[in-house]
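Presented below is the structure to which this report refers.
Chain letters run A, B, ... following the sequence lines, proteins first and then strands; every chain starts at 1.
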Amino acid sequence: MHAFGQILKIETRLFLRDFGSPLTTVALPLALLLVFGLIPAGRQPEAQFGDLSFIQYFAPSLLVITLAMSAVNILPTVLATYRERGVLRRLATTPASPAALLAAQLVLSLATILVSAVLLIGVGRLAFDVPLPRRPLGFTLALVLGTAALLALGLLVAAVARTAKSAQALAVPLFMAVMFFGGVYVPRFLLPDFLVRIGDYTPPGVQALLDAWTGTSPHPLHLGIMAVVAVAAGATAAKLFRWE
Amino acid sequence: MPVIEVTNLHKRYGDLVAVADVSFTVEAGEIFGVLGPNGAGKTTTVECAAGLRVPDGGGVSVLGLDPRRDAAQLRQRVGVQLQESQLPDQLRVSEALELYASFYRDPADPADLIDRLGLGDKRNTAYKKLSGGQKQRLSIALALVGNPSVAILDELTTGLDPQSRRDTWALIEQIRHSGVTIVLVTHFMEEAERLCDRVAVIDRGRVVALDSPAGLVSTVLPEQRVRFRPSAPVDDRLFTDLPEVTAVQRTGSQVVVTGTGDVLHAVTSVLARTQIIVADLRLEQSTLDDAFVELTGHRPAE
Ligand SMILES: Nc1ncnc2c1ncn2[C@@H]1O[C@H](COP(=O)(O)OP(=O)(O)OP(=O)(O)O)[C@@H](O)[C@H]1O
Ligand SMILES: [Mg+2]
């Protein structure tokens with residue numbers, strides 16, 4: 001436990017030191033929220049968003065940026081790099097276990113996602129009158145399950161890839177798919193309906209987040225799919241993961 | 001009781017037999033060398049001892065413990081330097097040592113270790129910015145930061161410049177004087193001669209010799225040559241009659257007497273008795289290098 005705490009401290013420092021990671025996971029979505037929020041039209045309710053303002057409609061997609069960056073891009077790349085360079089193996093020669101490093105990376109991912117969610121919700125509320133999630137329980141559930149599904153996919157990439165390069169090769173298309181179906185590249189109201197439907201079931205499940213945020217209970221099937229992905233990908237990753 | 005006992009160790013990777021049959025023991029306080037050509041199975045052997053690889057056959061015991069079953073206890077007491085292992089790019093020297101020190105019950109002082117390994121002015125440098133030799137020194141420091149009873153060092157000084165190599169040797173001798181048992185995998189015969197009490201030469205997964213460096217040379221290549229230039233003509237028979245001598249050759253004015261045992265003493269006694277004055281007297285002995293080549297058919301890798 002002591003070793004885990006020390007490793008978490010160092011990994012947090014390394015995460016912050018690597019300028020790109022906090023920038024893309026936390027600062028970027030927040031900056032986009034501010035940009036869209038400062039455009040007056042972004043704050044007007046619109047019929048095409050179901051009487052929501054654009055920033056409210058788009059906020060869950062901003063959260064998808066954090067989730068995708070952290071869980072399916074940074075996490076697998078860091079783990080595969082650590083394995084390839086023998087960082088995990090060296091740790092295995094000490095009283096600390098490489099599992100402590102894996103756990104620290106997961107905690108770091110979770111913390112990043114939590115910080116970004118709190119910032120997006122808080123700043124949206126204070127600066128642009130975006131209501132707090134109207135279904136807090138449903139929202140928490142959707143966020144937890146969506147996060148779990150993406151982290152499991154990230155671990156699966158780390159487990160399947162033998163090198164840091166191949167982890168990148170797998171992570172990048174997955175990351176782009178998550179971003180695309182999460183409505184980040186093109187807001188979903190511009191997408192054809194069938195792509196939007198696919199997006200509902202693509203982790204982290206942006207529709208469930210939007211529903212719970214704006215007052216409808218998230219659809220059980222949307223949540224169920226996230227749980228299935230989390231368990232299936234997580235179990236496969238656990239089976240395939242190698243420390244060296 | 002030996003500190004490390006390896007008995008009939010066998011390890012395969014798929015069809016490839018990396019270690020066929022290796023046995024040796026390492027006594028307390030000893031510096032034990034493991035030599036052998038590339039791919040001989042040295043790393044596999046010591047990593048089985050460190051509990052990092054699982055043998056397919058035979059037994060390993062370290063400090064009376066089983067490296068797999070008693071892993072938790074052993075990791076507190078065995079420091080390992082892996083042949084190939086890096087650290088995160090942005091991790092700084094002092095952070096790495098302090099982190100690793102925090103894993104152990106009774107660690108060495110990281111700051112002191114940094115100084116002893118000549119990394120004092122690099123303590124705040126990121127791993128990525130260290131030179132190859134500095135990375136190697138950090139790796140040695142990490143193996144020693146837990147104040148281990150046993151240190152397993154795989155290619156201790158590979159990549160170090162001659163001065164750092166000598167500094168590292170001095171450090172290893174200090175560590176040994178504090179009672180640490182050391183297993184050293186090396187390609188440098190000079191290092192083995194200087195540091196090791198005993199060495200095992202491994203070739204194609206088997207121990208082909210196990211002795212002190214000097215003992216190994218005298219068993220494998222017992223012949224020595226005495227070269228000199230006599231002031232007056234000498235008869236070969238003067239030397240061939242000696243029991244130590246096996247051959248006498250002449251090249252120009254030079255005489256080369258080859259023999260075993262104390263051939264130098266035998267030759268100089270004869271010369272003194274016959275009152276022949278000689279110039280350029282030289283004794284040529286085989287080195288560990290020569291013995292290594294003789295044993296494995298390879299030149300030691302540089
Ligand atoms: N993880 C592995 N998987 C498959 N084969 C391996 C593995 N590790 C080593 N080998 C093979 O086993 C043999 C022995 O390797 P080992 O690393 O023990 O040699 P070594 O004596 O340490 O060599 P070197 O002096 O080059 O470090 C080699 O043929 C090597 O290719
Ligand atoms: Mg090796």
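For the residue pair B:Gln86/A:Tyr82, the side-chain donor-acceptor check at 3.5 Å is not satisfied. The closest side-chain donor-acceptor pair between A:Thr112 and A:Ser109, if any, does not fall under 3.5 angstrom. Donor-acceptor pairing under 3.5 Å is recorded for the side chains of A:Gln168 and A:Thr77. Side-chain polar atoms of B:Thr43 and B:Gln83 form a donor-acceptor pair below 3.5 angstrom.
Contact of B:Arg105 with chain A is not made at all, since no heavy-atom distance falls under 4.5 Å. With a threshold of 4.5 angstrom between heavy atoms, B:Leu74 does not approach chain A through any atom at all. Heavy atoms of B:Leu52 lying under 4.5 Å from chain A belong to its backbone as well as its side chain. For A:Glu84, no part lies under 4.5 angstrom from a heavy atom of chain B. For a residue to count as touching a neighbouring chain, one of its non-hydrogen atoms must lie under 4.5 Å from one of that chain's; by this rule B:Glu47 touches chain A with the side chain only. In this structure, chain B has no heavy atom under 4.5 Å from any part of A:Leu88. Neither the backbone nor the side chain of B:Arg77 comes within less than 4.5 Å of any heavy atom in chain A. A:Arg17 touches chain B through its side chain: at least one heavy atom from C-beta onward sits under 4.5 Å away, while N, CA, C and O do not. The part of B:Leu99 that comes within reach of chain A is its side chain, from C-beta onward, which places non-hydrogen atoms under 4.5 angstrom from that chain. Proximity to chain A is limited to the backbone of B:Val78, based on heavy atoms less than 4.5 angstrom apart.
Note: B:Glu95 leads B:Glu95, B:Glu98, B:Glu84 in heavy-atom pairs under 4.5 Å with chain A.
Under a 4.0 Å N-O distance rule, the pair A:Arg85/B:Asp89 qualifies as a salt bridge. Using a cutoff of 4.0 Å between basic side-chain nitrogens and carboxylate oxygens, B:Arg165 and B:Asp161 are not scored as salt-bridged.
Closest of all the heavy-atom pairs between B:Thr157 and B:Gln136 is N-NE2, 4.0 Å.
Ring planes of B:Phe103 and B:Tyr100: tilted class, angle from 30 to 60°.
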